[in-house]
Amino acid sequence: MIKYQPSKVEEKSRKKWKYKVDLSRPSDESQGKLGKKFYFLVEFTYPSGDLHMGHWFAFAVPDILARLKRMQGYTVFAPNGFDAFGLPAENAAIRRGIHPKDWTFSNIKRMKEQFSTMGAIYDWEHEVITCEPDFYKWNQWIFLKMYEKGLAYRGKILSNWCPKDQTVLANENVENGKCWRCGTEVVQKEVEQWFLKITEYAEKLLWKEQSIVSGQSTTSTTGLNLKVSDTRDTRTTRGTLEVDWPKSLKESQNNWIGKSEGIIIKFQIPQLRQGFAGRANTKFQIEVFTKFPETIFGVTYMVIAPEHPLVGQLATAEHKKDVEDYIKLSKKKSELERTSLEKQKTGVFTGSHVVNPVNDEKVPVWVADYVIATYGTGAVMGVPGSDLRDFEFAKKFDLPIVRVIGSSKNDQSEVLSDKDVLEEGWLVNSGQFNSLAVPEPAKEKIMDYLVEKGWGKRKVNYHLHDWSISRQRYWGTPIPIIYCDRCGVVPVPEKDLPVLLPYDVDFAPKGKPPLATAEEWVRVKCPNCGEEARRDVETLDTFFDSSWYFLRYLRHIGTNNKKDENLPFARDLAEIWLPVDVYFGGAEHTLGHTLYSRFFVKFLKDIGVLKIDEYAKKRVHHGVILGSDGQRMSKSHGNVVNPDDEVAKYGADAVRMYLAFLGPYDLVAPWDPGGIRGVYHFLERVWKLFDAVAGPVSSFHPASARSSRKSRVGQKDNVELRAVGSPPTAATRNVLTDEDKFWMNKTIKKVGEDIEGIKFNTAVSTMMEWLNYLSGKVHRSSLIVNREGSKVGKSPMNDTRLTIHEYEVFLRLLAPFAPHITEELWEMLHSSPSDVIASEAKQSKKKIATDSSSPRNDNVKWSIHSQPWPEYDERFVKAQTVTLVVQVNGKVRDSLPVEAGISQTEAEKLALASVKVQKFLNTKGPRKVVFVPGRLINLVV
RNA sequence: GGCCCGGUGGUGAAAUUGGUAUACACGCAAGACUUAAAAUCUUGUUGCAGCAAUGCAGUGUGGGUUCGAGUCCCACCCGGGCCACCA
């Protein structure tokens, strides 16, 4: 047999594969009947130019699960596409003078070629490329639906602005005060733009407490139940979907949504009221939001944000200049300075006072930039006696401090240091509420009181902001809005969609959106009145595209079977295929993409086009592959490992397997050049083991195989396998020992369970263990052993004890991990020698000719990937003999080989008979015996 | 400051969820084959003591629960991630 040559094997195997999914009818190929669906989704990628190791990790490893599911008889739909709009294309264009469209499509072409070397089952027949009009038409459609429902609105607000990219950024796109794309410091700028009212869905997006508790983290070790029901039964009877998303994600999203229940309290401003005596007084009050109304008697000052609308009026003549200077200064500060600089509090007094409604005390109003204009009401009450931050501020500016929460009911001690600040205890100095316990019942009592008096109203506040979606850039979906002098804001009628993105545009950033320079495109007749009007010149945030792309994969049954479309997706297909069964992606999308897409799905449900609440049953996060130096792979670090190079050296199978093997899938781990050699070595050994198989291909010596070991079990005890390519011949039967069966069955069980539990690393090591066992027994049998038991040389004959049956099962288990090599070995096992690579390259022409002409059903027979996943026999999963550990007082003193079903009395007898154990026992014998059947016996003295 | 993960050999990591700690792999060492090297195969590899059998210690630290703890509880130390003047 010739050497294992991955490149040769892989090229050949890949040519054989043709996996097509008929979306209209999930079928069980091997059974030829209506089957179960499995919608397998991986976050589509940005077409950045070349596939890097991260892409392999994200796409090639999950393919193991997809392939397992397929072998299990599911119709697996694994679509792929490109998140093709976005800034890098535009930046590359500006730098190199290539049009973003051309740049993007040439990258897509290149990446698809690279994708094909992965040996994954991704389906390109349903490909989604977001920059194609066919896709973004529906972006515009969804936008208009949201506009119609009042969820898309135009607003002017202080926003995150990236000076380099010349565009606004959503909160989620600001990382540490810097732009997520280019790292430039983000500044605050007032810009009018489009928002989506995601806040209206805040409550619905919140994960319920229960689902967090029951949710599993990605690394969870328990077997995740991926045994997905058939196409209809995807929801529980109550109509809510059981979702298995990482706990960390649910918690982060809930934190980000940041629900807090509190109260808005009104503080009157007497001096303003005096000045405008005749008017209604609602204007002359400041509202604050607080979660801690029980501390209201301790309010000694108030702080408003520099952007608060009443700042101008509150600043008295005496303080006007101070206040104006302060506001100017804080506006100049970038987001970074405002948040990451030392938390040294700054602020100025406005000269005005407000009145605390509960005790009529006048407290001073300050302006300080630690108060966020966009959260709550942009004003807070200062309670330095029971809030650390307020205490710090009061200390710095010498404001009075009153104790309202004491460590006892008559605690009147002064609050002198931060240690004296209490958040729980008993109310003191709080009028009729003294002596109430804090938080409860004090909080509820005071809230009721404030509401009853009309001074406050209960309020649920969310940290979540509305989502800013306009980008002042070119390479994105044009916003389908027209501005008419007569009619105002006019949505583009549905029949006029898509609003095409013009090709010829000056997209160099000049402080205004590039589309504004396409004069001809901008000028348009108003669809209402026919007058001259102008198009919106902004484009949609690309997160808009990715919020629903997974629905777009379900637009048609196949490329040659397109339907008339009146929705972004085909409704009947959505009903069959949704929800997604497993969704792989990066943890970095916890607060952006996955939250947005949940929002979209809930919206689409509300307008009646979708029936699901959550779009993915299970979400799995992947980790990050670092360079061998432990740093992020980057050109500047010089530590980039190019997957193409590794594939050339070791083959795609080895790269896939190493990525699966190096650790838990959500691990952040470096690429170890030695590590891939380890799995390559494993594959070589699998390849070589072919020669040791007793079967029609290699030299087979039934006499030696049979006589070498007596099988105590009859024919029927052999593991039954469904539809193996060729049935075990008489010669290969009966040669499996109990030990052989134990290894085979436990490996089948463990590998299947581990893949479903996203524990690819231990699945691989289990395969390795079985291989070690198999090659160990082959090795032993090929050695001539002399009378003293020492090895004196190799047998001249290739005398083996590896059955074709075992090898077949082995290959099928390995197939999802290493699809190419197993395909070739499978073929070698089941075809005449002349068809096989091992017999030189003659085969190729003839084989390919047959491939292209053979109908699809023929694939089933000759591809290992159409084979059923092996089943295991529970009887052989446990070993017949086990090692019984004998402990004395919990310390291991001996271990004995015993029958698995040994009784306690029997075990006790054996344990007491052990010399090693006796040393640790006194004459009286054990006081107590703990017996764990099949595992251990502990003698307590 | 808040929330969430982790801490096990020289390294990446396993550990049937309370039952032999270090599977599997890398690395290293020795041996076989070879004129030699590479490749391959075999053996060893937690630490300490010992020729060995074996003994003792051992999963960040200190306590606790238990016949028995890497696993559960309490306190602390260290590392990582996300959010963050959130009222």
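Every value quoted in this text rests on a predicted model; they were computed, and no experiment measured them. Chain naming here is simple, since letters A, B, ... match the order of the sequence lines and numbering starts at 1 in each. No hydrogens, no waters, no symmetry mates; every other heavy atom, side chains included, goes into these values.
The NZ-C1' distance, from A:K250 to B:C83, rounds to 20 Å in whole Å. For A:E251 and B:C83, the CD to P distance is 15 Å, given to the nearest whole Å. In this structure, CD1 of A:I2 is placed 17 Å from P of B:U40, rounded to the nearest angstrom. The NZ atom of A:K3 sits 12 Å away from the P atom of B:A39 (whole-angstrom rounding).
Across B:U65 and B:U46, the matching C1' atoms stand 28 Å from one another, rounded to whole Å. Nucleotides B:A53 and B:G68 have their C1' atoms positioned 27 Å apart, rounded to a whole Å. Across the P atoms, B:A14 and B:C24 are found 14 Å apart, a figure rounded to whole Å. With P as the reference atom, B:U8 and B:A15 are 15 Å apart, rounded to whole Å. Taking atom C1' in both B:C28 and B:G6, the straight-line distance is 28 Å, to the nearest Å. Here, B:U59 and B:G70 have their P atoms 7 Å apart, quoted to the whole Å. Separating the P atom of B:U22 from that of B:A29 is a span of 24 Å, rounded to the nearest Å. Comparing B:A30 with B:C82, their C1' atoms sit 49 Å apart, to the nearest whole Å.
In this structure, the nucleotide among B:C4, B:A25, B:C85 sitting nearest to the side chain of A:F661 is B:A25. Among the nucleotides B:C56, B:C3, B:C67, the one closest to the side chain of A:N255 is B:C3.
Closest approach of A:H589 and A:T594 over heavy atoms only: O-OG1, 2.7 Å. Nearest heavy atom pair, residue A:K259 against residue A:E203, reads NZ-OE2, 2.9 Å.
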Let me check something: any side-chain donor-acceptor pairs from residues 672-682 of chain A under 3.5 Å, sequence neighbours excluded? List them with distances.
from   : atom 1 : to     : atom 2 : distance (Å)
A:D672 : OD1    : A:G674 : N      : 2.9
A:R677 : NE     : A:Y650 : OH     : 3.4

Side-chain donor-acceptor pairs of residues 289-306 of chain A under 3.5 Å, sequence neighbours excluded:
from   : atom 1 : to     : atom 2 : distance (Å)
A:T290 : OG1    : A:F292 : N      : 2.8
A:T295 : OG1    : A:F292 : O      : 2.8
A:T300 : OG1    : A:P400 : O      : 2.8
A:Y301 : OH     : A:D390 : O      : 3.2

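With its glycosidic angle within 90° of 0, B:G9 adopts the syn conformation.
Remark: A:K247 fails to qualify as a cation-pi partner of A:W245 under the 6.0 Å distance and 45° angle criteria applied to the six-membered ring.
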(Q) Pairs counted only when both distances fall under 3.5 Å, Watson-Crick or G-U: show me the 5' to 3' dot-bracket for RNA chain B, [ ] for pseudoknotted crossings and | for other-strand partners. (A) (((((((..(((......[....)))((((((.......))))))((((....))))..(((((..]....))))))))))))....

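Ring planes of A:F760 and A:Y665: perpendicular class, angle over 60° (limits at 30 and 60°).
Between A:Y370 and the phosphate of B:A87, there is no side-chain N or O to OP1/OP2 separation shorter than 4.0 Å.
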